[in-house]
Amino acid sequence: MMARTPPDTPDPAPAKTARTKTNRTDGAARTDRAASDWTDPDCPVARTLDLVGDRWSLLVIRDAMDGAASFTDFQRRTGIARNILTDRLRKLLTHGLLAQRPAPSGRRQEYVLTDAGRDLFPVILTLRQWGERHAFALGESHSVLLDRHGTPVPDLTPVGADGALLNSDTTHVQRAA
């Protein structure tokens with residue numbers, strides 16, 4: 001049983017609109033929704049956007065990947081309003097992307113990425129790299145993602161089983177039967 005979150009940190013209880021079911025060996029929850037609840041029930045991209053496609057959810061995940069753990073950390077880094085942050089943390093907890101655990105002090109709860117949350121790293125990396133190429137003017141300064149050796153992370157480039165570069169011209173979607 002988890003300790004109650006202190007008064008200055010809203011307690012993100014599970015959302016009432018989504019039912020969660022834990023049946024994975026890593027303990028991550030999955031959303032148990034009817035097909036009609038999804039924007040496009042057969043599309044993994046649409047389902048992902050239904051879960052994390054709002055402006056703030058991916059910024060919370062990004063900051064969790066960068067060491068943010070407390071409500072205050074997330075609010076300070078993003079500038080998000082408390083009520084919106086409370087809602088997004090609740091949603092990310094409900095969908096199994098974040099979990100709560102007692103902070104080292106034992107007085108508060110902190111947020112940590114689950115396996116499902118960490119699996120979003122390539123998504124965050126790809127968004128970052130797209131933004132570096134298309135959201136900044138040439139020569140405009142921006143943050144840089146570095147590996148453990150202090151070297152900028154190289155561009156993520158998808159390749160096929162044969163090693164050939166993949167793009168929208170060399171792939172296609174096979175619809176569910």
Side-chain angles (χ1 to χ4, degrees), residues 9-24 26-100 109-136 142-145 153 155-158 166-177:
T9 306
D11 185 12
K16 293 181 172 122
T17 57
R19 299 172 306 278
T20 59
K21 184 177 184 180
T22 302
N23 65 352
R24 294 176 43 178
D26 63 3
R30 70 170 175 83
T31 302
D32 190 18
R33 293 181 171 188
S36 62
D37 291 342
W38 298 103
T39 302
D40 181 346
D42 297 325
C43 178
V45 173
R47 281 192 177 206
T48 301
L49 289 173
D50 285 346
L51 298 176
V52 296
D54 65 90
R55 173 182 179 183
W56 297 110
S57 293
L58 286 176
L59 293 178
V60 169
I61 295 293
R62 173 205 65 186
D63 287 350
M65 289 179 181
D66 196 33
S70 71
F71 185 93
T72 303
D73 288 342
F74 292 115
Q75 190 175 35
R76 188 177 310 121
R77 290 175 181 219
T78 62
I80 188 173
R82 292 175 64 87
N83 62 321
I84 295 171
L85 179 56
T86 299
D87 179 70
R88 292 318 181 274
L89 289 170
R90 180 180 298 124
K91 180 179 170 184
L92 294 169
L93 287 166
T94 298
H95 296 309
L97 301 169
L98 291 176
Q100 283 187 304
Q109 293 290 305
E110 65 181 11
Y111 300 92
V112 294
L113 291 164
T114 63
D115 289 344
R118 282 186 294 279
D119 281 349
L120 286 169
F121 178 76
V123 174
I124 298 293
L125 177 59
T126 302
L127 283 170
R128 164 181 274 286
Q129 291 175 346
W130 185 94
E132 289 170 348
R133 286 190 302 274
H134 301 288
F136 290 88
H142 56 78
S143 62
V144 177
L145 185 63
V153 173
D155 283 347
L156 187 64
T157 307
L166 298 176
N167 61 41
S168 60
D169 295 328
T170 61
T171 60
H172 70 277
V173 174
Q174 182 175 333
R175 306 279 181 211

Enquirer: State the CD-OG distance between Q109 and S70, to the nearest 0.5 angstrom.
Expert: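 Those atoms lie 12.0 Å apart.
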
Enquirer: In terms of heavy-atom contacts, does CZ of R133 have more than 12 from other residues, nucleotides or ligands at under 6.0 Å?
Expert: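 Above 12, so yes.
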
Enquirer: Between atom CG of L85 and atom CG of L59, what is the distance when rounded to the nearest 0.5 Å?
Expert: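 CG of L59 is found 11.0 Å from CG of L85.
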
Enquirer: Do you know the tightest heavy-atom contact between G67 and D73?
Expert: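 Shortest heavy-atom separation between G67 and D73 comes out as O-OD2, 4.4 Å.
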
Enquirer: Would you say D40 and D42 make side-chain contact, with heavy atoms under 4.5 Å?
Expert: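 Touching, per the 4.5 Å side-chain cut-off.
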
Enquirer: Only counting residues at least two apart or in another chain, list the ones meeting side chain to side chain donor-acceptor pair (under 3.5 Å) with E110.
Expert: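 If we apply the side chain to side chain donor-acceptor pair (under 3.5 Å) test to E110, skipping adjacent residues, the hits are R101.
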
Enquirer: Just by distance, do the side chain of T114 and the backbone of L97 share a donor-acceptor pair under 3.5 Å?
Expert: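 A pair under 3.5 Å: yes.
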
Enquirer: Cut-off 3.5 Å, no hydrogens considered: what does the side-chain donor-acceptor table look like for residues 169-177, sequence neighbours left out?
Expert:
residue, atom, partner, partner atom, Å
T170, OG1, N167, N, 2.9
T170, OG1, N167, O, 3.2
T171, OG1, N167, O, 3.0

Enquirer: Is there a side-chain contact between Y111 and L89 (heavy atoms, below 4.5 Å)?
Expert: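 Yes, close enough: below the 4.5 Å cut-off.
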
Enquirer: Given side chains that start at C-beta, do those of S143 and R128 come closer than 4.5 Å, heavy atoms only?
Expert: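 The answer is yes, as the side chains (C-beta and beyond) meet within the 4.5 Å cut-off.
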
Enquirer: What is the minimum heavy-atom distance between W56 and T78, and which atoms define it?
Expert: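 Minimum heavy-atom contact is CZ3-O, 3.6 Å.
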
Enquirer: Testing the basics here: between M65 and G117, what is the closest heavy-atom pair and its distance to 0.1 Å?
Expert: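 Nearest pair, atom of M65 first, then G117: CE-O, 3.4 Å.
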
Enquirer: Considering all heavy atoms of both residues, which atom of A116 and which atom of G96 are nearest to each other, and what is their separation?
Expert: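 Heavy atoms of A116 and G96 come nearest at CB-O, 3.6 Å.
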
Enquirer: Which residue pairs satisfy the salt bridge (charged side-chain N to carboxylate O under 4.0 Å, His left out) criterion with at least one member in residues 59-70, sequence neighbours excluded?
Expert: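 Only D66-R77 qualify under salt bridge (charged side-chain N to carboxylate O under 4.0 Å, His left out).
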
Enquirer: Going by the angle between their ring planes, with limits at 30° and 60°, are H142 and F136 parallel, tilted or perpendicular?
Expert: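 Judged by the thresholds at 30° and 60°, the geometry between H142 and F136 is tilted.
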
Enquirer: Go through the steps to decide whether D50 and R47 satisfy the test salt bridge (charged side-chain N to carboxylate O under 4.0 Å, His left out), and finish with yes or no.
Expert: CA-CA 5 Å; D50 285 346; R47 281 192 177 206; over 6 Å; no

Enquirer: For L156, is there any backbone N or O sitting under 3.5 Å from a side-chain donor or acceptor partner on Q129?
Expert: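 A pair under 3.5 Å: yes.
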
Enquirer: Looking just at side-chain N and O atoms, do N83 and T86 make a donor-acceptor pair shorter than 3.5 Å?
Expert: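 There is no such pair (donor and acceptor under 3.5 Å, judged by atom type) between the side chains of N83 and T86.
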
Enquirer: For K91 and L51, which heavy atoms make the closest approach, and how far apart are they?
Expert: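 For K91 versus L51, the nearest heavy atoms are CE-O, 2.9 Å.
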
Enquirer: Of the non-hydrogen atoms in L98 and L93, which two are nearest, and what is the gap between them?
Expert: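 In this case the closest contact between L98 and L93 is O-CD2, 3.4 Å.
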
Enquirer: Under 4.5 Å between any side-chain heavy atoms of R82 and F71, yes or no?
Expert: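 Yes. Closest side-chain heavy atoms under 4.5 Å.
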
Enquirer: What's the spacing between L120 CG and L125 CG if we round to 0.5 Å?
Expert: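 The CG atom of L120 sits 12.0 Å away from the CG atom of L125.
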
Enquirer: Is there a side-chain contact (heavy atoms from CB on, under 4.5 Å) between V123 and I61? Walk through the geometry before answering.
Expert: CA-CA 10 Å; V123 174; I61 295 293; over 6 Å; no

